[in-house]
Structure formats: structure tokens, C-alpha cells
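First up is the structure itself, then whatever we jot down about it.
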Amino acid sequence: MEEIDLLVIGGGTGGYTAAIRAAQLGLTAAIVEADKVGGTCLHRGCIPTKTWLHSAEVLTRTRNAATFGVQVDEASLDYPVMRARQQAVVDTLHKSIRSVIGKHKIEIIEGRGTIVAPGEVAIGERRIQAKHIVVATGSRPKGLPGLEPDGDRVVTSDELLERDQAPKSIAIIGGGAIGCEFASFFADIGSEVTLIEALPTLVPLEDGDAGKALAKAFAARGVNVMTSARVLTDRTRSYDSVVEVTVEHEGDEKQLPAEILLLAVGREAVTDGLGLENTKAEIEGGWVKVDETYRTAEPSVYAIGDAIGGLLLAHVAGAEGFIAAEAIAGKEARRLDYDRVPRVTYSNPQVAAVGLTLAEAKERGLNAKSQRFSLKYNAMALIQDETDGFAKVVFDQDGGDLLGVHLVGAHVADIVSEAALGRFLQASAWEMGTSIHPHPSLSEVLGEAAQLSAGISIYW
Ligand code: NAD
């Protein structure tokens, strides 16, 4: 039987990061991958969707060109060209990650890995003895009980990305990151969009004001946003050319016909066929249970990324893979502070955040205070004619540290890293407000909000 130090099952962002870091630390590592390295993020998630959203942004900007004194003929979206470009972007990144993996002498074993015993993995006929295993099998979209995707009228994001033309109308169940990004995209390219969310605000894990601002911006672009809405799955039917969703909203029952129904109600871990039952590793609430260094109850088996739940984000999976590899290599393992992780919904406008909301800080018993600064007063936002949005900062009044930052606006994803660094370095309001921000720039909104918190704003 072949012997190896580390076998990673699943070659997404978390999996390849773990394998590369392990190889850098002198371990022999291989990746088992049933599809393509790069995983959900590269092939069915972050990269394709952001490429589409960028096309929608270019379209919107072109349509608004006259505002900037630029005259263009009527703009329209060529869907197949957009999809071909998306594939070209994905292919470039795929080639590049394969090359990095190859450079580190990490074999990519094609197939499904099954743990037959601790330290032993079967891939078809092949058997590999691995001192350590990292489970990085990721997640897949969830259905709703009584309303499973059929891949045609009722789809998940996976199937939606495969369609070669835009639907005239789309109903979306779930106002989280996936629902909001697709709602934004389809609204901008001219589809009729209904967005149905069970909780009172969109992106409900984010600051309440952010969800409300997003709903307002969507409504202004004609999206039918229904929050606190209940989908009656037993009264939702799909026909040949239409799907009819029945929703209870504001005391009324409404029937909403649409060409396509997108289920964006969360994701679940992929663990079937993995053979975890042949180890002591446990599953809790559907996710693989791990300690702070991502070790399962089976000492030689680790798990990272979407498979362990929490924040299902590629950059989180990568950080977890890095830490797990260091722990396996015997280095003193760092702990990942999830309050330092930036989160971005790439809708128009974008919602970006790091750390705690004011309400969360208060729940933790902290003496927290927040300040908000509008993009209306930001010169760059005015120059770009994108003044909808704000920065909200939350500081601890006792220790002085930054606790959280919540941003809404076009391109705020580009400035959230400053907030993440501020949180990492435990910046105070005075430090963030006194650090010089270039003028004119979107980032000034962070400086202004921090200055307000520190009582050194020249404006108020
Ligand atoms: P999510 O958990 O973020 O949001 C699902 C939403 O659906 C929730 O707001 C929930 O209240 C709502 N919901 C659930 N059942 C419902 C029902 N019956 N009727 C109406 N609403 C219902 O899940 P998602 O948007 O599917 O995304 C999956 C994961 O992928 C998330 O963890 C997300 O963070 C991640 N993701 C991140 C990004 C990004 O970072 N830009 C993009 C896409 C996905």
C-alpha cells in the first residue's frame, strides 16, 4: 500500500491550502478530488457569480453613462458571451491553482475518497495509507422539505449557473448571500425578481440597517422584496413553463408565478460515502465536529471548510486548512478568531462587515457604542454617482478596541480589509480616525466614522 503523511479529501480552497501548507512544511501530501480542484468557490460559487455580477455592473454603468457625459448606444447583455467570459476566468484560475499544486509535488488523485479505517483511504481500487487525513469535502445547496429542486423550473445556484439564457422572471427563496446576489444580478439585467425571506430583514446575519438598506435599494430597482414571508411549499407547484409559489406575507396569501424558482435557503455538509463511520469522528447538527485545531474525535482525522459549518466562506476554509496543516506538521497551532473574518455580499449595493454588530456586542455584555457615516458626504462616492450607503463602526467604550464595522455601498468590499486589519490589530477609534486616508477615496468613510467615535470629527 502507498504511504503518505497527509491525504486531503476534497480539493477546494480549504483542501488545497491544507495540502500546500503541509508540503511547504516538509510533509508528503496528496489531494483526492472527485471533480475539479478549486471546488465550489472556483467552479460553482464565488468566481462565476462575481464574474456575472461584474457584467451586470458594467451594463448598469454603461446605461448610466450619459450621467458622466459619455454617450453610448443602447447597452444590452449578451448572456452567452458573459458565460464564456466567466468560463475563461475560471479556467485561468483553475490552471493557475493546478500549477501551484504541481509545483509542490502534490498528487491530485481523481475519484472519491472513502475512509475505510483511520489512516486508510480507498479511491476506487487504490488504497492509500495516510498518517493524517483532512476532510475538506465542502457543502452543497439544501432543498426545502416538500420543495426539492428538479433542475429545470426549481433550481439551486448550481443549476442556475448552467442555464444559457436569463429567465424573464425569477422567484428566489432565501434572502441570504446567494439570494441577494442573484436578485441583484437578475434585477440589473432586466428580469422580474421576487425575493422571499422568512426573517424580518435581508442578509439577516448582518447589521439590521444593512439588510434594510439593501431591501430599499432592491425595491427601487423593481425587485419585489418580501421579508417575514412564509413559503407554503405544499401549495407551490411547477408546470411546463412556469412555477407558482404560494407565499404568506403581511396577512395575505399570494400566488407568485415565475419562470424559475431559485432555492437559496442555505447549504449542507457533504459527508455521504466518506466513511466517517469507520472512524471515531462525529457529526453534530449535520456538520463534522472538530476542536479548535480542526481535529475530529479521531486523532488522525481533521476536518475544515464548509464541511464543519460556521461561516461557509472560501477565505475561512483557506485559513482553517492552513491552521490544520500547521497542527499536523507539529507547529504550535494558531486559533482562528472568527470575529476577525470579513464577510461580503457582492450585491449592488455591496454589504461588507467584520466583527460584531452593536446588538451582538451588547449581548456579550460589552459597553459598546456605534457611529454611522453616510456615503452622501464622501467625495469619491459622489464622483462615481454611488452615494447610497454608509459605514457603521462599533467600538468598546471601556477597552477602546474596534469591535465591528458594517458597510453598505458600491465597492465597499474593497475597503472592508482595512476594518479586518483594524480588528486584528485591536485598533482604537482614535487610531483608525487618525490614520490618514487618501482624498478622495471611498475609504475616507471609515476614517470619518472612526473620527466621530473618537470625538475628533470636524464635521459634527
Ligand atoms: P444563507 O444561510 O446565507 O441564507 C439563507 C436564507 O434563507 C436565510 O436568510 C434564511 O432565513 C432564509 N430561508 C431559509 N428557509 C426559508 C424559507 N422556507 N423561506 C424563506 N426564507 C428562508 O444561505 P445561502 O444564501 O444559501 O448561502 C449559503 C452559504 O454560502 C452561506 O453560508 C453563505 O454565507 C455562503 N455564501 C457566501 C457568499 C459570499 O460571501 N458572498 C456568496 C454565496 C454564498
Side-chain angles (χ1 to χ4, degrees), residues 12-14 39-54 138-149 154-161 171-185 194-206 208 210-211 214-215 224-236 245-249 254 256 261-270 285-287 305-318 338 341-354 407 412-414 416 420:
T13 314
T40 299
C41 167
L42 179 53
H43 301 284
R44 296 176 297 283
C46 324
I47 305 301
T49 53
K50 277 38 157 194
T51 314
W52 286 26
L53 282 157
H54 186 70
S139 66
R140 65 179 158 230
K142 275 199 303 199
L144 270 179
L147 189 59
E148 293 298 324
V154 182
V155 299
T156 69
S157 53
D158 286 358
E159 293 114 10
L160 192 55
L161 285 167
I172 300 173
I173 306 182
I178 294 184
C180 288
E181 288 181 358
F182 278 112
S184 181
F185 169 77
T194 302
L195 182 57
I196 305 154
E197 166 57 48
L199 294 173
T201 53
L202 296 181
V203 285
L205 297 179
E206 298 302 346
L214 190 56
N224 178 14
V225 180
M226 301 171 113
T227 48
S228 302
R230 197 161 77 91
V231 178
L232 305 177
T233 46
D234 55 336
R235 311 231 343 250
T236 293
V245 193
T246 308
V247 176
E248 210 176 78
H249 184 235
K254 293 173 188 154
L256 309 161
L261 172 63
L262 170 67
L263 297 181
V265 293
R267 299 177 64 90
E268 61 194 6
V270 175
W287 309 101
D306 283 11
I308 64 167
L311 290 172
L312 310 189
L313 301 172
H315 45 285
V316 168
Y338 290 87
V341 173
R343 314 176 293 268
V344 180
T345 302
Y346 290 84
S347 45
N348 167 19
Q350 295 176 341
V351 176
V354 66
L407 302 160
V412 290
D414 298 343
V416 75

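For ligands, and for the atoms within them, numbers begin at 1 and follow the listed sequence. None of these values were measured; they are calculated from a predicted model.
- Each of the atoms 3 (O), 4 (O), 6 (C), 9 (O), 25 (O) of ligand 1 lies under 4.0 Å from some heavy atom of Gly176.
- Summarising the contacts of atom 20 (C) of ligand 1 with Ser157, Gly266, Ala198, the nearest heavy atom is found in Ala198.
- When each of Ile196, Thr236, Thr246 is tested with Leu256 by the rule side-chain contact (heavy atoms from CB on, under 4.5 Å), just one qualifies, namely Ile196.
- Heavy-atom contacts of Leu199 reach the following atoms of ligand 1: 11 (O) (cutoff under 4.0 Å).
- For ligand 1, none of its N or O atoms has an N or O atom of Val231 under 3.5 Å away.
- Closest heavy-atom approach to atom 14 (C) of ligand 1 among the candidates Thr156, Val265, Leu232: Val265.
- Using modelled atom types, one finds a donor on one side chain and an acceptor on the other under 3.5 Å when comparing Ser139 with Arg267.
- Just one residue in the list Lys254, Arg230, Arg235 forms a salt bridge (Lys or Arg N to Asp or Glu O under 4.0 Å) with Glu248, and that residue is Arg230.
- The shortest N or O to N or O distance between Pro204 and ligand 1 is not below 3.5 Å.
- Of the candidates Arg343, Lys142, Glu197, the one placing a heavy atom closest to atom 9 (O) of ligand 1 is Glu197.
- When only interatomic distances are considered, the shortest N/O to N/O separation between Ala177 and ligand 1 falls below 3.5 Å.
- Taking all heavy atoms of Glu181, Glu206, Arg267 into account, the minimum distance to atom 30 (O) of ligand 1 is reached by Arg267.
- With a 4.0 Å cut-off on non-hydrogen atoms, Ile173 touches ligand 1 through its side chain and not its backbone.
- Between Val203, Thr233, Thr201, Ile178, it is Ile178 that holds the heavy atom closest to atom 44 (C) of ligand 1.
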